[in-house]
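To keep things clear, I will list the structure first and then write my remarks on it.
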Amino acid sequence: MALFLLCALLIASFFYSTKVFVYALMVFFVLFDMLDGFYKDDKIYAAVRYLVPLILMGIYIAKYNALKKSDTLLFYLFCYLIVLWLVNAGDLIITSRVTMAVMITLLMIPIGKHVATRADFIKEFEPYNRALLILLPVYVVLANKYGFGESYTEEFSTGFLITSRMYIVPIVVFLAIHYVITNKNRTFLIKATDATFILMNICILLINTRRTAIGMLFLALAVYAFFNRQMLFKMITLFFVLVVALIVSYPLYEARLTAQLEKRDRIQDLDTYEEEGRVLETMYIMDYHQEKKRPLQLFFGVKLFDTREFGVKYFGRDRPIHSDLNMLLYSTGLVGVVLFLVFLVHYFIRNNHVIAPSHKMLYYPLLVMLLVVILPGRFIGTLTFAPFLLMLLTAIKHRKVVDKPELSAITIQENSNPLLAFHSTQTPDVTH
């Protein structure tokens, strides 16, 4: 079966090269989510999906001693989640799945820091990102041709990359745009191919009408332009070309986009909570705690990452809490929210002055993506993009710029073997 084949390939990549394993892991999560809907939601597939990557990542961290003293907060956060898992779980399967997904995502931080000391993750991930850039629209085309997956209408489907799983698209597109603009060594044919698939992915985002995904991409590009002003002309040129291409190709996707917008309008008009569900769920959580008046639930959560009963009670259907902050408040309590916010500041806000200027143009757009996702939600428990996003942020932040010494003169001594003498152009430090 395809899912077992994916896991076998992931294990093989680990034993072949741990460096390749890290890149393959990012692709593995995307491919698994593309295929998991074809199989019955059984325990064995859940074990394969979560346990295999988790075990391999644990071995990787132990092998390279990737956990450092600065990761003490991560250790405390893991301990807190494990305690809640043991004493405050909801449905065991749901709680276990989401908790393992959260752990996998968080473990990308020490792995990312280790990778940053060995390689330039962004540069070396380019071929893998190009593969995803091409694979995503091909998958969507096949989903529409053969009619598999879930969708708002019969006119358009994204297969099994539904709801928050589609947040992988803006991340891949953003990186692809960065590669097209900054990589001077690529041929025109490769850049034209990248631009074509960038256009196709943007069309998919527009037709899919996921506002969070669209917001992630365009806010990231705005921040990218701010930190990369020397490339502003290239960005404007690329933007103009893409807009013209979107306008010219509009007849090709007009019917699908119109059908999607009409269906989304009807959903929003049927009931108020469908339009502002994330706002209402915040109010419902407050109502719940005011009604129950249980301090232990307020501080330590109700049921760890299991909000089915909450959705049935307040929304009349099995609707999980969407916003990540609301999910943390309901599932892990005020203690969990505080731990998460401290974790966020510790790893992604604090000491950002150490980030090399050339890396800030990528770091801050990706950080904006992370913050945009956390508010509307589904970062928690979504392996399609969450580990990838944390890996990118960590690898970029901790990657050091290595200054190459300049050669001011090359001298060859006469009557002897050639000797290259390298003289630094920098003024020697004579201070004591």
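Given the structure is predicted, the values throughout are model-derived calculations rather than measurements. Just so you know, residue 1 is the first one in the sequence shown, and it goes up from there.
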Beyond-backbone contact of [X] with [Y], side-chain heavy atoms, under 4.5 angstrom:
{"X": "H353", "Y": "N351", "value": "yes"}
{"X": "I204", "Y": "P137", "value": "yes"}
{"X": "F75", "Y": "L67", "value": "no"}
{"X": "L362", "Y": "F174", "value": "yes"}
{"X": "H289", "Y": "R294", "value": "no"}
{"X": "C79", "Y": "I82", "value": "no"}
{"X": "V20", "Y": "Y128", "value": "yes"}
{"X": "I349", "Y": "L367", "value": "yes"}

Give a yes or no on whether the backbone of [Y] and the side-chain of [X] come within a donor-acceptor separation of less than 3.5 Å.
{"X": "T158", "Y": "L161", "answer": "yes"}
{"X": "N208", "Y": "M166", "answer": "no"}
{"X": "N183", "Y": "N185", "answer": "yes"}
{"X": "N129", "Y": "V172", "answer": "yes"}
{"X": "D306", "Y": "D91", "answer": "yes"}
{"X": "D318", "Y": "V312", "answer": "no"}
{"X": "N144", "Y": "V140", "answer": "yes"}
{"X": "K397", "Y": "Y347", "answer": "yes"}
{"X": "S331", "Y": "F305", "answer": "yes"}
{"X": "Y80", "Y": "T332", "answer": "yes"}

Apply the test side-chain contact (heavy atoms from CB on, under 4.5 Å) to residues M391 and V22: give CA-CA distance (whole Å), side-chain angles for both, the deciding distance (0.1 Å), then the verdict.
CA-CA 9 Å; M391 179 69 196; V22 175; 3.5 Å; yes
In a table with atom names and distances, give each donor-acceptor pair under 3.5 Å that connects a side chain of residues 372-380 to protein atoms at least two apart or in another chain.
residue	atom	partner	partner atom	Å
R378	NH2	H322	ND1	3.3
R378	NH2	H322	NE2	3.1

So ring-ring contact (aromatic ring centres under 6.0 Å, His included) across residues 81-107, not counting sequence neighbours, yields none
For residues 101-120, which residue pairs pass the ring-ring contact (aromatic ring centres under 6.0 Å, His included) check, not counting sequence neighbours?
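Qualifying pairs, neighbours excluded: Y60-H114, Y64-H114.
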Roughly how far, to the nearest 0.5 Å, is [atom2] of [Y] from [atom1] of [X]?
{"X": "L54", "Y": "I104", "atom1": "CG", "atom2": "CD1", "result": "5.0 Å"}
{"X": "T72", "Y": "L77", "atom1": "OG1", "atom2": "CG", "result": "12.5 Å"}
{"X": "L242", "Y": "I202", "atom1": "CG", "atom2": "CD1", "result": "5.0 Å"}
{"X": "Y284", "Y": "F310", "atom1": "OH", "atom2": "CZ", "result": "8.5 Å"}
{"X": "Y314", "Y": "I285", "atom1": "OH", "atom2": "CD1", "result": "9.5 Å"}
{"X": "M369", "Y": "M216", "atom1": "CE", "atom2": "CE", "result": "5.0 Å"}

Any side-chain donor-acceptor pair under 3.5 Å between [X] and [Y]?
{"X": "Y288", "Y": "Q297", "answer": "yes"}
{"X": "T384", "Y": "D33", "answer": "yes"}
{"X": "T282", "Y": "N326", "answer": "yes"}
{"X": "D71", "Y": "Y76", "answer": "no"}

Give me the atom names and distance for the closest heavy-atom approach of [X] to [Y].
{"X": "K360", "Y": "I355", "answer": "CE-O, 3.4 Å"}
{"X": "C7", "Y": "V48", "answer": "SG-CG1, 2.6 Å"}
{"X": "L390", "Y": "T394", "answer": "O-OG1, 2.8 Å"}
{"X": "R49", "Y": "L383", "answer": "NE-CD1, 4.4 Å"}
{"X": "L10", "Y": "P53", "answer": "CD2-CG, 4.3 Å"}
{"X": "I59", "Y": "F14", "answer": "CG2-CZ, 3.6 Å"}

Charged tip of R229 within 45° of F226 ring normal and under 6.0 Å:
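So R229 does make the cation-pi contact.
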Please determine if R317 forms a cation-pi arrangement with F315, meaning its NZ or CZ atom is less than 6.0 Å from the six-membered ring centre and no more than 45° off the ring axis.
no
Just do the ring pair (Phe, Tyr, Trp, His ring centres under 6.0 Å) check on Y363 and F227 with the steps written out, would you?
CA-CA 10 Å; Y363 182 81; F227 282 98; 9.7 Å; no
Does anything in residues 216-226 pair up under side chain to side chain donor-acceptor pair (under 3.5 Å), and if so which pairs, sequence neighbours excluded?
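Side chain to side chain donor-acceptor pair (under 3.5 Å) check on residues 216-226 returns H178-Y224, Y224-N228.
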Side chain to side chain donor-acceptor pair (under 3.5 Å) contacts in which one or both residues fall within residues 130-143, not counting sequence neighbours
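Qualifying pairs: E126-R130, R130-D194.
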Plane angle bin for Y23 and F125 - parallel if under 30°, tilted between 30 and 60°, otherwise perpendicular:
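Plane angle between 30° and 60°, so tilted.
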Does the pair K68 and N65 meet the rule for a side-chain contact (heavy atoms from CB on, under 4.5 Å), with working shown?
CA-CA 8 Å; K68 306 300 181 183; N65 194 25; 4.1 Å; yes
What do the steps show when you test N201 against I198 for side-chain contact (heavy atoms from CB on, under 4.5 Å), and what is the final call?
CA-CA 5 Å; N201 279 278; I198 288 171; 5.9 Å; no
Taking salt bridge (charged side-chain N to carboxylate O under 4.0 Å, His left out) as the definition, give me every residue that meets it alongside K303, ordered by chain and number, with sequence neighbours left out.
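By the salt bridge (charged side-chain N to carboxylate O under 4.0 Å, His left out) rule, K303 matches E309.
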Counting only heavy atoms not in K123, do more than 12 sit closer than 6.0 Å to its NZ atom?
no
Is the number of heavy atoms from other residues, nucleotides or ligands within 6.0 Å of CZ (F148) greater than 12?
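Yes.
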From CA spacing to verdict: side-chain contact (heavy atoms from CB on, under 4.5 Å), F343, L106
CA-CA 10 Å; F343 160 84; L106 297 181; 3.4 Å; yes
In sequence, state the C-alpha distance, the side-chain angles, and the governing distance for R399 and E124, and then conclude on salt bridge (Lys or Arg N to Asp or Glu O under 4.0 Å).
CA-CA 13 Å; R399 178 64 179 168; E124 297 190 0; over 6 Å; no
With ring centroids as reference points, do F388 and F29 lie under 6.0 angstrom apart?
no
